[in-house]
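The sequence lines fix the lettering, A, B, ..., with proteins before strands; numbering per chain opens at 1. All figures in this text were calculated on a predicted structure; none of them were measured in a lab.
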Amino acid sequence: MRLPPDSRRRLELAARVAAIALIAWMVVRALAPTARVEIDERSDSRSLGAALAQWTLAPVPTSVHLSLTQAPNARDRDWLRALGRAGVRVTWTGDSIAATVIEVAARTDPAGGVHAYVSAPAGSRATLSDAVGLLDSVAIGSGVNALTVPIASGALDLGARGEHARAAPPDSVLPRQIVVLGQAGWEGKFAIASLQERGWKVSSRLRVAPGIFATQGTPLPLDTSRAGVVVVLDTSAAAYAGAITAFERNGGGVVLAGNSALAPALRALAPGRIGARVPAASLSFASATPRRALGFYPIVSLAADAVALESRDGRVAAAARRVGAGRVVQLGYDETWRWRLAGSGDAPAAHRDYWSAVVSAAAYRATAPTGASIADAAPLASLYAALGPPTVSRAPLAIVGARLPWWMLALLAALLLGEWGSRRLRGAR
Amino acid sequence: MTARERVVAARRTLGAAVVARALLWAIALGASLLAIAAVLDWLVGAPRGVRALVLPAAMLVAAITAARVLWRGRRVRSVPTIALWLEERVPALNYSLVSALESPHASASLEREVAAVHWMPVVRRAVGGALLPPLALVVAVVVLLLALPAGVRERIRAPRAGDTLLRPPVAAAALRNRLSPLVADVVPPPYTGGHAVTIEEPSSIEALTGGRVTLRGRGSASGIAATMAGAPVVVRDSANEWRLEIAMPVKPAALELRDRTFARTVVLAPHADSLPVVTLIAPARDTVMRTPTGAFALAAQASDDYGLDAGWFEYIVSSGEGENFTFRSGIVRRASLGNQRGAHLSGALDLGALALHPGDLVHVRAVARDRNDVTGSGIGVSETRTIRVPRKSEYDSVAVEAAPPPDADKAQLSERMLIMLAEKLQQRRPSMARANVVKESQDIGRDQARLRQHVGEVIFARLGGAPETEDAGAANDGGAKLTPEQMLAAADAATRGAGAGATDFEGDETPVVAVNRPLLEAYNAMWDASRSLDVGEPGAALPAMRTALAAIQRARNAERLYLRGKSPVVILDIAKVRLAGKRDDASSSTLQPRAALDSSAERRARRFDRALDRIAADPRAAIDSLLALRVDALTSAPPLAAALAPAIDALRTGRDATDALVRARRVAAGVTVEQSDSPWGGGW
Amino acid sequence: MSTFTFATAQYESGDWDSAPLVPPNIIDTIARYTEIEVNPTGAVVSLASPDLLRYPLVFLTGHLPVRFTDAERRQLREFLDRGGMLFVDDHNHDIDGVFHKTATEELVRTIGAPVLLPNSHPLFSSFFHFPDGPPTTTQELNGWGDNLVHKNLFAVVREGRIAVLYSSKDYSSEWGYHPENKRFQSVDNTRFAVNIVVYALTA
């Protein structure tokens, strides 16, 4: 149906006015978008990097929601936190993100190295790598998962189910000497031998007869500047109880082995009292649980702050506690030398490792953290700390980066084209 | 000549041409294949396996070619075909030849017509045209083959180990790396009788200590330096090669080669000649002889990894008592063993000639020597057997010395106790609940199992249960060692057949099984008893337990008894004498610290990491570093040495070495995993 | 605290029990001079038995040839590898004699050749002082054996520690008497045994 010429011209004018108004409105919106408009954005892990850059440019969104499949790295987390502080409401969900944690502690061991305490979803397979490459993999158990890495280069990286946690090993700690006090006997001889073979510096004073000792190094006076741990083998060292107590309160470590805690002066330090001696539970030193073939003094009536380190058949064989600035480890075994001599497999090496672990547990350790810039020890936890817990966003779906809806441009084009086309068709310019 | 005769003559000529053509083409194509293979091998270097196939392939090609040509020329046998062929090429014949051949009686005019045409030039031209191309090809290929360097031809003609040096280098002399290719000829020491082995491009050479190792390379020796363990090694010229000769050292070492800017390391991994393994078969056990007369048969089995030189029996006669002893020793039946790897020694000890007296003791053992003339003869010895002549006073004596009870005795006491417990349980059974009977029976069963294990350990220890000792028997030594499974089988066999009375070995039982027969019977009986006890049937277990006790009793009777006077018993009162002695000249002592063990592990791990760092920038230097590390690890950390070998090989041959390097790093770094429920973070 | 038990090695080939009074005499000596907890009765342990590993110091003596069985050699090697100490005394005190030759050969096969122990070794000052080295025994010049005074002991040393102590001085005869008879001596001739035991327990 052909329109009358006047109506047609009016329509053309209306279209032109509408187009101009639309352009003006778009200009106004582009220049001052935030004042009254709610802009909700979304992103996922893959496009997070690009999205962050975009969200930081004007117009800044009112709220952003992240659907994450991987925990963002430290840089992206900080960026999100900054957005939040700038007034953007940041929410996120990430049900499939695996929680991975790694903590690296210096090993108080003459051989150096580190302990890496790792956590990931129980049952998952995690890999540990350093700057050079893959070190090992471990099936994550439900308890403490500790990896001992004698030599590591650079930061350690824990990978599990696509997540990576990184931590830098602290500066190495030079362990101080160990002092062994007690009666001359096989336990002293082989405990000292194992510690020295393991690389520890050991001084000792072993009583042979009244006034006659077999001495090695400079065991006395006990001084935390020279010694890290005192190992008390038996009650004969009760004469040094005062010095041992002072040493411990100043930060030194004490290992009370065998029945040494029977000495009244040392009882106050011990994590527990000594019970009646329990004989060996096994005739042979099985590789898996060799110490079952040793008799021991069970530790009973544990102090409230004591921690049981080793139990056997419901009895505590080793316990530890902190007293003052130091640590005390109480060991119920008094004949570990039998394990070294008669144990199966490489029992001497296992005995060395065991005694090294005992003194390490008591020894004072100073740490100097390094590599903070590359550390990201617990990415998921850090995400929680930065953005709070995950929440479901109520924001409607919107295209990231689309400031002006497409229909607006289409309408503009239609108005302009329609007006121009109509004029041309009727012969006007 | 008639027309037919002339055609037949032409046929002969053409037939010979076909055969000659077949031969020429066969030679041409076969030789071409050889030439192409030789040129390709010269340019890119083909593996020996591929080169070994070239000659047979060339022959096959020649045969196929010849067959094809002959097949295509088969029609030359037909006279009419030849006639047609001639008609086609000699128009002057004007079909008269065929007509002359077809008609049974050729007319004289046809014959005259045919006789007037001379077709041999045509035939000759055809023959020339057929033979010339293959002939030309043959000549060209032969020229090419002759032009190739002799080494190239040799590599195709007779491929063999070490012929890599025959391949002439492609690069200019000034740029040539004379350290690659490298060939090692390893000749074991002559006494082993082994054959020489040639290794191409060795990164590691394993050989017997004292073997001769010759390394060869292309080019002159001038400018090539070689060192081993810091000491220089002489490099000589030999024809177009350089070579050096060394003796395989006793310990692993790295041979460093240097040619201007090129360097190469070869690991020398020696293994030592083992000592001979000797097993004394007779006498099978220690013996007590009341009247030492006659000849005591001696027998032994000896074996060696490379060959035995001699074997003999040694004896020592000890006479006397108390503090007064005299000794005599001697050798019986020394035999030359002629480099055999296994030999049986036999002899007899003439007891009469030894003039033994009551109280004398004779120790006998077998000895064998190998032929190692490099590091010195290795001498292997067997276990020693003792022949004792008791004194008259000892014949009926019951004064058994308070020696520690043999392990069998402890078992006897325990088995008696278990029998008593089982008998008591059986008596109380009617008044007990079934569950309690089962529980108590199982408790006794557990003790029975422990006792059985103890008896098993006694037998196992006696039978030399652990492997790899210096003088332990080899696998073929006559059964001196038994695995637990074999022991069980022996126990099973011991309880069949003769059974209770026998303590001497029978039939073809090995002597060591025979000696322990009663204990093996006891072991098996204890198994039966355990089974009944575990199901709560102490009554059913009792007969087996009594059998076991009787067997232990027999074992005890079969043991050697020291029939001497009883030792005085000294009772000490420690408390009374404690610190009663004077200690005026006693004083405190100062002890020396022990050295740490295995601090080299960390050094090795760091060396490994440094070598890894070099791989991207300088792969050859990285390989040399890993080789040197492997040398170090061969003695100090064999697992690391074993893990490094595949990584080095992969790097050298350009393959992906990632997996191998990761494995090696794990071994070097020694990560351990501990999992516990302890909250104490002290590295427990 | 574990008790020190003096252990005597029983081996198959010879008269391992030729000095039955030595163990109680040494036990008595240890109690007289030290506070070491000592078992009043010694032990006899077979060289081939795993029980050898229960006694870190073992005494071996005899007159007759020493020929270890494979099991004895293997067990002894493990014992020494793990830190045990063997004290061997030639009851013949004859370096040309069969015990010395055969025992030395067996030690070479098992662990290595004994070498001369210098008289300045800490063994000789571990409790009592013996500045001239091992005390001479009255057996050495009694006309028996090689009739020589052996001024040194021999030892196989591992990582700075004595693993095998070898004596040709016939301490087995010297110390082979009832401890009650010590009261008749002006100087207790068993004092060197204290050094050996204290060295074994502390070094």
Heavy-atom pairs under 4.5 Å with chain C - which of B:Ser587, B:Ser318, B:Ala595 has more of them than the others? B:Ser587

Could you check which of B:Ser589, B:Gly320, B:Gly581 has the highest count of heavy-atom pairs closer than 4.5 Å to chain C? B:Gly581

Let's test your reading of the structure: which of [options] forms the most heavy-atom pairs below 4.5 Å with chain B?
options                              : value
C:Arg161, C:His91, C:His129          : C:Arg161
C:Glu159, C:Glu105, C:Glu180         : C:Glu105
C:Ser126, C:Pro23, C:Ala43, C:Pro122 : C:Ser126

Looking at the rings of C:Phe127 and C:Tyr199, which for Trp means the six-membered one, are their centres under 6.0 Å apart? no

Ring centres under 6.0 angstrom apart (C:Phe99, B:Phe325): no

Non-hydrogen atoms of chain B under 4.5 Å away: do they reach the side chain of [X], the backbone, both or neither?
X        : result
C:Pro40  : both
C:Glu78  : neither
C:Thr202 : both
C:Thr41  : neither
C:Ser173 : side chain
C:Val38  : both

Should [X] and [Y] count as an ion pair when the cut-off is N to O under 4.0 Å?
X        : Y        : value
B:Asp304 : B:Arg369 : no
C:Glu72  : C:Arg67  : no
C:Asp28  : C:Arg32  : yes
B:Asp585 : C:Arg191 : yes

Given a strict heavy-atom distance threshold of 4.5 Å, which part of B:Leu579 is in contact with chain C: side chain, backbone, both, or neither? both

Answer with side chain, backbone, both or neither: which region of B:Glu321 has an atom nearer than 4.5 Å to a non-hydrogen atom of chain C? neither

Between B:Asn372 (side chain only) and B:Gly378 (backbone N and O only), is there a donor and an acceptor less than 3.5 Å apart? no

Under 3.5 Å, side chain of C:Trp175 to main-chain N/O of C:Asn189, donor-acceptor pair present? yes

Are C:Asn39 and C:Thr3 close enough that a side-chain donor and a side-chain acceptor fall under 3.5 Å? no

